[in-house]
Amino acid sequence: MAAGGFTGAGGRRAHLYEYKITGYFVFSCIVGAMGGSLFGYDLGVSGGVTSMDDFLKEFFPRVYTNKHAHLKETDYCKYDDQILTLFTSSLYFAALVSTFFASSLTKNKGRKASIIVGSISFFVGAVINAAAMNIAMLLIGRILLGVGIGFGNQAVPLYLSEMSPAKVRGAVNQLFQLTTCLGILVATLVNYGTEQLHPWGWRLSLGLATVPATLMFIGGVLCPETPNSLVEQGRMEEARTILEKIRGTTNVDAEFEDMVEASREAQAIKNPFQNLLLRRNRPQLVIGGIAIPAFQQLTGNNSILFYAPVIFQSLGFGNGASLYSSVITSVALVVAPLISMAVVDKFGRRALFLEAGAEMLIYLVAVAVVLALEFGEGKQLSKGVSIFLVIVIFLFVLAYGRSWGPLGWLVPSELFPLEIRSSAQSVVVCVNMIFTALVAQFFLVSLCHLRYGIFLLFAAFIVIMSMFVLFLLPETKKVPIEEIYLLFQNHWFWRRFTEDERSQSPYNTVN
């Protein structure tokens with residue numbers, strides 16, 4: 001087919017790789033994946049806190065007044081305040097800057113170092129936010145939280161991909177998404193409880209972010225460094241020992257030799273960011289560094305997660321009902337990665353992208369149609385319409401959570417060769433955070449001015465990104481991470497960028 005998928009197995013030495021799923025490997029990946037809980041907890045807690053009356057009265061009295069002036073009617077513009085949205089988006093602007101500092105640390109000192117630094121910064125930011133007495137303290141705390149997320153998101157997906165055997169890499173990498181979703185669910189439940197604690201409940205919500213930060217710190221201390229990183233640092237004996245422990249066998253010669261060979265190539269690269277721009281790396285840069293992390297945010301899902309309580313209140317739900325509806329959508333996010341983990345290495349990345357994309361398109365159009373017919377002009381939504389919206393949003397989040405959510409981190413972490421992997425992951429996080437911040441900053445004002453049209457805009461983006469996947473994304477399931485670059489040599493479009501760069505690929509194009 002025109003999309004240029006690949007079949008076959010093997011490679012330079014891939015057919016000689018051996019592994020068992022050991023307890024040591026499982027422990028390392030589960031504890032290492034705790035970094036996702038930082039991102040998730042913040043996603044879940046921010047929207048709930050910004051809808052709490054006590055928080056708004058203390059820091060955003062104009063929004064509080066406007067909200068209660070329209071409490072009994074539906075109003076797209078209740079929360080249209082750029083300083084309020086800056087409270088959310090400032091974290092992501094900080095994350096996109098800090099990820100470039102994380103790249104150097106991740107490359108030179110290892111993935112664990114970035115995980116530890118990220119957890120400490122996030123912990124301090126959570127303490128400052130919980131103690132905030134003015135907007136300046138809020139923003140300083142958010143910036144430190146952003147630094148923590150920048151370091152964590154830079155290192156954790158790399159850590160999981162490098163620790164995993166090729167045949168189960170998809171499922172293992174999605175532990176990052178699973179812990180992210182668990183963080184969202186926990187944060188939503190915390191908000192549901194603290195909303196009743198006047199006037200300091202919001203402080204408890206923000207302060208409990210120290211818990212996932214502590215878990216991430218413990219994970220960074222207890223988990224081993226990845227063999228790839230140890231080889232990159234020249235610690236060969238230690239790398240081999242760790243590789244044998246996580247693979248459950250001493251017969252790791254083939255895989256270890258591939259790591260050493262990739263490391264030799266990496267050592268020849270003096271400026272990995274400049275190397276990232278070379279023609280032969282153009283496919284990985286466009287797909288993994290730019291398109292997928294940008295598209296992940298343009299689905300509109302994180303807007304719903306940021307502002308789920310705000311959206312439901314704007315649609316006429318009461319405080320308790322809006323937070324309860326957010327819990328329902330958060331449950332969908334936890335269930336979805338479990339589904340994805342079970343099928344991603346069987347059906348592949350492209351199938352999940354395309355199937356879920358079709359579903360998400362239908363759900364967004366359904367929401368837009370309902371709002372166009374039933375919403376606005378001071379009318380309250382009927383109970384039946386409200387239930388329908390919650391169900392459709394639940395199904396939308398479920399589709400996202402098994403596709404663009406986890407795969408948006410998995411696929412970029414698979415694509416890049418070792419010599420530019422840390423730098424490339426910084427670009428991935430940077431692009432992701434740019435679009436996360438922009439969507440967070442402008443979603444509420446867009447909701448105010450575009451009204452139901454904002455959902456049609458996201459639907460149009462999903463059509464574009466599905467076409468991109470269909471025609472330009474090769475299938476990476478079960479391909480060893482050191483040999484991903486071979487896929488591009490026989491791709492109908494990308495091979496023009498990789499001609500004469502490497503030996504002929506053993507992977508055959510499906511026509």
Side-chain angles (χ1 to χ4, degrees), residues 5 29-30 33 36-37 39-40 43-44 153 156-157 160-161 164 167-186 188 287-288 291-306 308 326-367 390-414 432 436 458-459 461-463 465-466 468-470 473 475-478:
C29 290
I30 290 176
S37 62
F39 195 27
L43 279 173
N153 286 14
V156 172
L160 295 175
S161 287
S164 306
K167 291 184 179 180
V168 296
R169 188 176 61 244
V172 171
N173 189 275
Q174 291 192 54
L175 287 170
F176 178 74
Q177 181 70 11
L178 180 60
T179 57
T180 298
C181 296
L182 286 171
I184 293 171
L185 176 60
V186 169
T188 307
I287 296 173
I292 288 180
F295 287 156
Q296 187 190 51
Q297 300 309 314
L298 294 177
T299 60
N301 183 77
N302 276 357
S303 298
I304 293 173
L305 298 181
F306 287 146
S326 301
V327 171
I328 294 175
T329 59
S330 299
V331 169
L333 270 183
V334 173
V335 172
L338 298 175
I339 298 173
S340 188
M341 290 171 69
V343 300
V344 67
D345 289 312
K346 179 179 181 180
F347 297 108
R349 287 63 162 149
R350 284 163 43 84
L352 290 184
F353 272 134
L354 295 173
E355 181 276 328
E359 283 192 44
M360 293 161 67
L361 174 64
I362 293 170
Y363 299 142
L364 285 174
V365 172
V367 170
V390 171
I391 292 174
V392 171
I393 290 175
F394 174 91
L395 293 174
F396 174 86
V397 172
L398 189 66
Y400 169 88
R402 67 175 186 272
S403 60
W404 281 97
L407 300 184
W409 293 106
L410 167 61
V411 174
S413 73
E414 296 178 316
N432 187 287
T436 302
F458 286 131
F461 286 137
I462 288 176
V463 172
M465 62 184 71
S466 296
F468 182 91
V469 168
L470 180 62
L473 179 67
E475 181 55 67
T476 57
K477 71 171 182 177
K478 299 185 180 180

(message) Could you walk me through whether Phe353 and Val411 satisfy the side chain to side chain contact (heavy atoms under 4.5 Å, CB included) test, starting with their C-alpha distance in whole Å, then the side-chain angles of each, then the deciding distance to 0.1 Å, before giving a yes or no?
(response) CA-CA 11 Å; Phe353 272 134; Val411 174; 4.0 Å; yes

(request) Kindly compute the distance separating CG (Leu361) from CZ (Phe461), expressed to the nearest 0.5 Å. (result) 13.5 Å

(message) Do Met465 and Thr299 have side chains that approach each other closer than 4.5 Å (heavy atoms only, starting at C-beta)?
(response) yes

(request) Find out whether Ile184 and Phe39 are in side-chain contact, i.e. whether some heavy atom of one side chain is under 4.5 Å from a heavy atom of the other. (result) no

(message) Keeping Arg350 on the side-chain end and Val469 on the backbone end, is there a donor-acceptor pair under 3.5 Å?
(response) yes

(message) Testing the basics here: between Pro293 and Gly288, what is the closest heavy-atom pair and its distance to 0.1 Å?
(response) CD-O, 3.2 Å

(message) Rounded at 0.5 Å granularity, tell me how far CZ in Phe295 sits from CD1 in Ile287.
(response) 10.5 Å

(message) If I compare all heavy atoms of Pro406 with all of Gly401, which pair ends up nearest, and what's the gap?
(response) CD-O, 3.1 Å

(request) Tell me, please, which residues at least two apart from Arg169 pass salt bridge (Lys or Arg N to Asp or Glu O under 4.0 Å). (result) Glu414

(request) Can you see which heavy atom on Val392 is nearest to which on Tyr363, and at what distance? (result) CG1-O, 3.5 Å

(message) So, taking the atom named CG in Leu352 and the one named CZ in Phe347, what distance separates them when rounded to the nearest 0.5 Å?
(response) 8.5 Å

(request) Kindly compute the distance separating OG (Ser340) from CG (Asp345), expressed to the nearest 0.5 Å. (result) 9.0 Å

(request) Measure the shortest side-chain to side-chain distance between Gln174 and Leu160 over non-hydrogen atoms and say whether it is less than 4.5 angstrom. (result) no

(request) Kindly give the heavy-atom pair with the smallest separation between Ile292 and Pro412, and that separation in Å. (result) CG2-CG, 4.0 Å

(message) So, taking the atom named CG in Leu398 and the one named CD1 in Ile391, what distance separates them when rounded to the nearest 0.5 Å?
(response) 13.0 Å

(request) Would you confirm whether Thr180, through its side chain, and Gly36, through its main-chain N or O, come within 3.5 Å as a donor-acceptor pair? (result) yes

(message) Quick check against the 3.5 Å criterion: does Arg349 have a side-chain atom that pairs as donor or acceptor with the backbone of Leu407?
(response) no

(request) Output, in order, the C-alpha distance, side-chain angles, deciding distance and verdict of side chain to side chain contact (heavy atoms under 4.5 Å, CB included) for Trp404 and Met360. (result) CA-CA 10 Å; Trp404 281 97; Met360 293 161 67; 4.3 Å; yes

(request) For residues Leu175 and Ala33, report the shortest heavy-atom separation together with the two atoms involved. (result) CB-CB, 3.7 Å

(request) Over all heavy atoms of both residues, which pair between Gly357 and Ile462 is shortest? Give the atoms and the distance, please. (result) O-CG2, 3.4 Å

(message) Going by side-chain hydrogen bond (donor to acceptor under 3.5 Å, both in side chains), Gln296 matches just one of Thr436, Asn432, Asn301. Which one?
(response) Asn432

(message) Closer than 3.5 angstrom, by distance alone: can the side chain of Lys477 be matched with the main-chain N or O of Val344 as a donor-acceptor pair?
(response) no

(request) For the residue pair Phe176 and Leu410, establish whether any side-chain heavy-atom pair is separated by less than 4.5 Å. (result) no

(message) What's the separation between atom CG in Leu333 and atom CG in Leu178, rounded to the nearest 0.5 Å?
(response) 10.5 Å

